[in-house]
*Asks:* 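Can you read through this structure? Questions will come right after.
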Amino acid sequence: MRSTRIAISAAVLGALALPVASASAATAAPVSAAMVLPASSCTSNPYLPWAVHGTSAVTIRSKATTASTAVGILYKSHRFTVHKTTKGAKWVYITDKTTKVTGWVSGTYVYRDVRMCLD
């Protein structure tokens, strides 16, 4: 049974590699200067905005701890400003632009998306 799986895997990998191996430089399309994208780096791209992820709402607290008093709720649709973060971004100090409430929210649910760079 195991030898059959190995043989099938080898046949599939061989079939996938065949078109790559058979392509030659003569058949490849020439690259013109117009087709080349300008060089860029990830550092030149602006940061993505902060957002609520993984839940529909997050509790805004008076201090950076779950034992502190809840002062409001930050909903996924609300826009907010980030003023500072704790070490490791475990807690984020924000102002909800919709309700004007200021406080701490968990960095587990409030973060920036990561921009992928393939340079």
*Asks:* When you group the ILVMFWY residues by side-chain heavy-atom contacts below 4.5 Å and let the links chain together, are V52 and W104 in the same group?
*Replies:*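 No: no chain of side-chain contacts under 4.5 Å links W104 to V52.
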*Asks:* Please report the closest heavy-atom contact between S68 and R61, naming both atoms and the distance.
*Replies:*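 That closest heavy-atom pairing would be O-NH1, 2.9 Å.
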*Asks:* Are W91 and T66 packed together at the side-chain level, in the sense that at least one heavy-atom pair is separated by less than 4.5 angstrom?
*Replies:*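 Yes, side chains in contact.
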*Asks:* Compare every heavy atom of T86 with every heavy atom of A64, then report the nearest pair and how far apart it is.
*Replies:*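 Closest pair (atom of A64, atom of T86, distance): CB-CG2, 4.3 Å.
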*Asks:* Flag yes if W50 and V58 sit in one hydrophobic cluster, no otherwise; membership is Ile, Leu, Val, Met, Phe, Trp, Tyr, and two members link when side-chain heavy atoms are under 4.5 Å apart.
*Replies:*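 Looking at the clustering, V58 is in the same group as W50.
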*Asks:* V105 and Y93: same hydrophobic cluster, using ILVMFWY side-chain contacts below 4.5 Å?
*Replies:*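 In one cluster with V105: Y93, no.
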*Asks:* In a table with atom names and distances, give each donor-acceptor pair under 3.5 Å that connects a side chain of residues 70-83 to protein atoms at least two apart or in another chain.
*Replies:*
from	atom 1	to	atom 2	distance (Å)
H78	ND1	D96	OD1	3.3
H78	ND1	D96	OD2	2.8
H83	NE2	T95	OG1	2.5

